[in-house]
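See below for the structure under consideration.
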Amino acid sequence: MVLVFAEATNGKFKKAAHEAVTYAKKTAEVLGTDCCALTIGEVEDAGQLGVFGASKVLNVGGPGVAKFDSQVYTAAIAAAAKEVGAKVIVLSHNSTGKNLVGRLAARLLAGSAPGVNAVPTANGDQLTVRKAVFSGKAYADVTLTTEYKVISLAGNSIPVEESGAAVAVESFSPELPAAKTKVIETKRVEGTTPLPEAELVVSGGRGLKGPENWGVIEDLAEALGATTACSRPVADVGWRPHHEHVGQTGVAIRPNLYIAAGISGAIQHLAGVNNSKTIVVVNKDPEAPFFKAADYGVVGDLFEVLPKLTEAIKEHKAG
Ligand SMILES: Cc1cc2nc3c(=O)[nH]c(=O)nc-3n(C[C@H](O)[C@H](O)[C@H](O)COP(=O)(O)OP(=O)(O)OC[C@H]3O[C@@H](n4cnc5c(N)ncnc54)[C@H](O)[C@@H]3O)c2cc1C
């Protein structure tokens, strides 16, 4: 059995959870077994995970798991793995998954592969997974040889597939430790798709000259239905909030489209964005390093180029 932890936010699944279940189902097929999904906390319609390939869905509920706590969640996932006899555990490689992958591997004495991006291959009990290394400049094929294997799936790596039908949800009540930390407040950015899950991203750098000019980025993002991002110095000086900062020390993203305006393309910035499927760069300096990583480049003043792009997109959508 392959166990997948399908995370829900405010009771609802996001795309990352559907991707993880799809991936777990495909991994189970490779191993000739089934896939069980685990949900934690109050979740609407958890049985729908069957549509994405789970043959069984467990739910751990109750006040002890009402707020995320990595130790408690680790205990719940490990207990579920033992309960269903799963030796392979799949998580999403988002902030929750990154928090859990090492803890879970330590608890189960498992080999772990964080941030995988392709369906594994199997050789007996061994599983070979592919992941990006050296800031996305190369891939490594990693073979996990331990009895338990913990894998987290990078977002937007595989398409979501509907391969089954809804199943009944079974309640699972393992013994869980009390949380050692107390969550006082959770603040979520509402309204836009969070960067790790965004398929379209429009990003600005120091070339914007100041926070008062961000309208050109926001207008383009709105026309596309995209999420906004920025380079690190922009967040450091407070032009934009820190959660928008992408790169080596910020959020690593893999959208289908990344539009970068007024960003030079320093190696530390590229480290977080060069797994994007299509990169469009707008920069007035033809020698800007970002052009080497771009699929499409516009040499020009972003204050002229972006409004024209926004208008063209609006016209295209209207037509
Ligand atoms: C340890 C470490 C970690 C780091 N981590 C990160 C990270 O995670 N993310 C990150 O982004 N950076 C990171 N950095 C910083 C990184 O090295 C760069 O300094 C930073 O990415 C540069 O930001 P920028 O491209 O916005 O600014 P700049 O390098 O100043 O580039 C601005 C660009 O805008 C262009 N421009 C100016 N005016 C216009 C205009 N009107 N129209 C079009 N183009 C224009 C310029 O030609 C230039 O290419 C890190 C650095 C270190 C040392």
Side-chain angles (χ1 to χ4, degrees), residues 93-95 97-99 114-115 117 131-138 154-156 189 192-198 200-224 226-255 257-313:
H93 195 63
N94 53 16
S95 53
K98 286 178 196 170
N99 219 316
N117 54 24
K131 59 184 299 235
V133 291
F134 300 123
S135 299
K137 284 199 182 320
N156 214 12
V189 181
T192 50
T193 311
L195 270 176
E197 291 160 29
L200 308 171
V201 176
V202 181
S203 187
R206 262 202 305 227
L208 267 288
K209 316 268 191 280
E212 66 281 5
N213 296 326
W214 234 261
V216 287
I217 296 284
E218 285 167 341
D219 289 348
L220 178 56
E222 196 184 329
L224 281 167
T227 300
T228 53
C230 67
S231 64
R232 174 172 160 170
V234 161
D236 282 349
V237 295
W239 292 359
R240 299 298 291 177
H242 267 292
H243 65 78
E244 286 198 1
H245 149 206
V246 289
Q248 183 184 311
T249 46
V251 186
I253 55 172
R254 331 169 41 98
L257 175 67
Y258 182 68
I259 301 180
I263 301 177
S264 56
I267 183 91
Q268 297 89 354
H269 184 85
L270 293 179
V273 304
N274 62 6
N275 279 316
S276 307
K277 297 231 163 82
T278 302
I279 297 179
V280 178
V281 170
V282 182
N283 198 302
K284 66 178 184 184
D285 175 7
E287 303 295 324
F290 219 150
F291 283 121
K292 292 205 180 88
D295 298 287
Y296 300 95
V298 182
V299 179
D301 186 334
L302 70 92
F303 295 106
E304 290 170 19
V305 176
L306 294 199
K308 284 186 186 154
L309 197 52
T310 304
E311 276 318 304
I313 287 161

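Counting starts at 1 for both ligands and their atoms, following the listed order. Residues take their numbers from the sequence shown, with the count starting at 1.
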Please identify each residue that fulfils side chain to side chain donor-acceptor pair (under 3.5 Å) with Asn94, with sequence neighbours left out. Glu7

Contact residues of ligand 1 (heavy atom under 4.0 Å), by chain and number: Gly205, Arg206, Gly207, Lys209, Ser231, Arg232, Pro233, His245, Val246, Gly247, Gln248, Thr249, Gly250, Gly262, Ile263, Ser264, Ala266, Gln268, His269, Asn283, Lys284, Asp285, Gly300, Asp301, Leu302, Phe303

Verify the neighbour count for atom CD of Glu197: are there more than 12 heavy atoms of other residues, nucleotides or ligands below 6.0 Å? yes

Arg254 backbone acceptor or donor facing Asn156 side chain under 3.5 Å: yes

Side-chain H-bond candidate by donor/acceptor type, Thr228 with Glu244, under 3.5 Å: yes

Would you call the rings of Tyr258 and His269 parallel, tilted or perpendicular if under 30° counts as parallel and over 60° as perpendicular? tilted

Any donor-acceptor pair under 3.5 Å from Thr227 side chain to Thr193 backbone: yes

